[in-house]
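Read through the structure below, which is laid out as structure tokens, and then see the notes.
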Amino acid sequence: MAIPLPAPLSPSSFGQDLARGLRGRPKQIAPKYFYDDAGSALFDEICGLSEYYLTRAELSILRDRAAALVSRVGAGARVVELGSGSGAKTRPLLDALDKPAEYLAVDVSAGALAAATSALREAYPAVRVVSVLADFTSAFALPAASSRARETLVYFPGSTIGNLTPSEAVDLLHRVRAACGRCAMVLGVDLKKAPARLHAAYNDAAGVTAAFNKNLLVRANRELGTNFDVDAFAHYAFYAPGPGRIEMHLASLKRQRVELDREGFVFEQGETILTEYSYKYTAPEMERLASRGGFRVVSWYTDSAADFAVASLESV
Ligand code: AVJ
């Protein structure tokens, strides 16, 4: 598993991806660009909102079921967390494992990585904690495991798998499997439920999700010198029952022309830029997805309301 590291996200990749996304129809940008320091802080705030049940539900499942979720993983394992964020959900897993040797946090947010890994280093002095500033949605690569790590457990928390389309999710599972051979995975999955509850979770009354969404434009104006009129964009998020996903957009409230590297992009009044998909799954749908990705669902636990599931998967 000694593969070169992908380049961390640079301003130029943001600029190039944004230009490509604005040339497309519909206009779009990948959700990984939400997570600069301000965006990571807004996401942490979202996790505490009453409407946003996902984080609390996942934590409660981990607290109750961590031992069962990692029961097939032996002593001295290496844990790789994809999209580790604040690292709040990592502890129950590390606590349930028998003498974990290493913990690799993979994230696109440098600030979140530094804070999460320094807190974990302090709390788990016996674990070798490594931060990997990387985008796991493209070329997947990890530093070699140290000789003391025996097997790899990949933790993919937060229903981040829902930010990928099903075919992108299948690709990611294949890449994970190729990277760690026989490999165990713990996967957080948001479940299909009443559309009104899903709608509320992405349209909170305090407007934090709206600020998180609009921060993308604030970031582009600061880092790329674009001239988005941020106040003339509205947060627009809705659940689409057909594909089974939340779609998050930013809708221009007026006709405006945005400049990026001397290229002009016109937004008609009401035109949107797609910023995120968040797919929701049922248990059978996730079983099918896992099997298309070369994994089998070994166990599946939900919170008491059956809002969220944490699954353990094994490569086949
Ligand atoms: C990063 C996958 C946990 O899709 O729910 C929260 C991000 N977007 N509110 C999700 C998000 C809007 C989020 N995850």
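We count ligands from 1, going down the list as the structure has it; atoms in each ligand are counted the same way. Not measured: the values here are computed from a predicted model.
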Worksheet item: Under a 4.0 Å heavy-atom limit, does Ile246 contact ligand 1 with its side chain, its backbone, both, or neither?
Response: neither
Worksheet item: Quick check: does Asn163 get an N/O under 3.5 Å from an N/O on ligand 1?
Response: yes
Worksheet item: Quick one: does ligand 1 sit under 4.0 Å from the side chain of Tyr35, the backbone, both or neither, non-hydrogen atoms only?
Response: side chain
Discussion item. Under 3.5 Å between any N/O of Glu276 and any N/O of ligand 1: does that happen in this structure?
Written reply: yes
Practice prompt. Give the residue, atom name and distance (to 0.1 Å) of the protein heavy atom nearest atom 3 (C) of ligand 1.
Written response: Gly158 O, 3.1 Å
Worksheet item: Going by atom types only, do Ser278 and Lys280 share a side-chain donor-acceptor pair under 3.5 Å?
Response: yes
Worksheet item: Just wondering, do Ile246 and Glu276 contact through their side chains at under 4.5 Å, heavy atoms?
Response: no
Practice prompt. Pull out every atom of ligand 1 sitting under 4.0 Å from any heavy atom of Ser159, numbered as shown with elements.
Written response: 2 (C)
Discussion item. Can you tell me which portion of Phe34 lies within the under-4.0 Å heavy-atom range of ligand 1? Options are side chain, backbone, both, or neither.
Written reply: neither
Practice prompt. Give the ring-plane orientation class for Phe212 versus Phe43, where under 30° counts as parallel, over 60° as perpendicular and anything between as tilted.
Written response: tilted
Worksheet item: Numbering the atoms of ligand 1 from 1, which are under 4.0 Å from a heavy atom of Ser278?
Response: 4 (O), 5 (O), 10 (C)
Discussion item. I'd like to know whether Arg222 forms a salt bridge (charged side-chain N to carboxylate O under 4.0 Å, His left out) with Asp36, so could you lay out the CA-CA distance, the side-chain angles of the two residues, the decisive distance to 0.1 Å, and finally the verdict.
Written reply: CA-CA 11 Å; Arg222 187 185 61 244; Asp36 64 353; 2.9 Å; yes
Worksheet entry | Protein contact to atom 13 (C) of ligand 1 [nearest heavy atom, distance to 0.1 Å] | Tyr52 OH, 3.4 Å
Worksheet entry | Lys/Arg N to Asp/Glu carboxylate O, Glu58 vs Arg56, below 4.0 Å | no
Discussion item. Can you confirm, on distance only, whether ligand 1 has an N/O atom lying under 3.5 Å from any N/O atom belonging to Lys280?
Written reply: no
Worksheet item: Centres of the Phe238 and Tyr202 rings: under 6.0 Å?
Response: no
Worksheet item: Would you call the rings of Tyr277 and Tyr279 parallel, tilted or perpendicular if under 30° counts as parallel and over 60° as perpendicular?
Response: perpendicular
